[in-house]
Amino acid sequence: MPQPDRAIAEGLHVVITAEAPTLSPKLWDGMPAHARGGKVLCFFLSAQKDKTRYSTLGFSDQANLGDGTMWPTAYALTGLGEADEVAIRALVRKAVD
């Protein structure tokens, strides 16, 4: 995977693995993902591969993010800064609860 998507994907892997070490890294549609019990919980979609404006951190229906009748399941990423890492840690923590 070319830069800058590679750096974002590698950074996400570090953050997700640190926050939820019980998740297993795997490839999902050729993109990095993390799974629980073989089912994808969160995944990365490359902007360059999909020819889109931004990369995406997404959560499947296996993630415990639901609250109310509507909630986000995907987040646009154009980089991965310190504040982003803090927010992603919180999302991953909630997703695996």
Side-chain angles (χ1 to χ4, degrees):
M1 177 182 311
Q3 296 294 350
D5 286 348
R6 176 179 289 281
I8 296 170
E10 288 172 347
L12 283 173
H13 175 72
V14 169
V15 169
I16 293 166
T17 302
E19 193 59 45
T22 59
L23 296 181
S24 302
K26 67 181 288 179
L27 287 179
W28 185 62
D29 258 356
M31 290 284 102
H34 289 79
R36 177 175 49 198
K39 295 184 178 182
V40 170
L41 186 99
C42 57
F43 54 90
F44 176 76
L45 299 176
S46 165
Q48 293 168 336
K49 179 179 183 250
D50 292 341
K51 296 181 173 87
T52 59
R53 184 174 146 210
Y54 49 79
S55 295
T56 306
L57 168 62
F59 292 87
S60 74
D61 62 345
Q62 300 298 309
N64 295 320
L65 296 177
D67 188 19
T69 58
M70 186 172 103
W71 58 88
T73 59
Y75 299 84
L77 291 170
T78 57
L80 191 59
E82 196 172 311
D84 305 315
E85 290 182 14
V86 170
I88 291 165
R89 285 182 190 277
L91 284 167
V92 170
R93 195 169 30 254
K94 184 175 181 183
V96 298
D97 277 346

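Note that the structure is predicted; figures quoted are calculated from it, not measured.
Residues meeting the ring-ring contact (aromatic ring centres under 6.0 Å, His included) test with Phe59, sequence neighbours left out: none.
Contact annotation: the side chain of Phe43 never approaches that of Leu57 to less than 4.5 Å [non-hydrogen atoms, C-beta and beyond]. Side-chain contact between Cys42 and Ile16 is present, with heavy atoms from C-beta onward closer than 4.5 Å. Val40 has its side chain out of reach of Gln62: every pair of non-hydrogen atoms, C-beta onward, lies at least 4.5 Å apart. For the pair Leu41/Leu23, a side-chain contact is recorded, criterion being any heavy-atom separation below 4.5 Å from C-beta on. Taking the side chain as every heavy atom from C-beta outward, Leu45 and Asp29 never approach each other to under 4.5 Å.
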Full working for side-chain contact (heavy atoms from CB on, under 4.5 Å) between Trp28 and His34: CA-CA 9 Å; Trp28 185 62; His34 289 79; over 6 Å; no

Test log, rule side-chain contact (heavy atoms from CB on, under 4.5 Å), inputs Tyr75 and Leu91: CA-CA 11 Å; Tyr75 299 84; Leu91 284 167; 3.4 Å; yes

Derivation and outcome, side-chain contact (heavy atoms from CB on, under 4.5 Å), residues Leu12 and Leu77: CA-CA 10 Å; Leu12 283 173; Leu77 291 170; 3.8 Å; yes

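Between Ser46 and the choices Thr56, Thr52, Asp5, the side chain to side chain donor-acceptor pair (under 3.5 Å) rule is met once, by Asp5.
The hydrophobic cluster containing Trp71 also contains Val96, counting ILVMFWY residues as joined when their side-chain heavy atoms lie under 4.5 angstrom apart, directly or transitively.
Among residues at least two apart or in separate chains, there is no salt bridge (Lys or Arg N to Asp or Glu O under 4.0 Å) pair with a member in residues 49-74. A salt bridge (Lys or Arg N to Asp or Glu O under 4.0 Å) check over residues 77-92, counting only residues at least two apart or in different chains, returns the pairs Glu19-Arg89.
Taking each heavy atom of Ala47 and Ser55 in turn, the nearest pair found is N-OG, 3.1 Å. Here the closest heavy-atom approach between residue Met1 and residue Pro32 is recorded as CE-CD, 3.9 Å.
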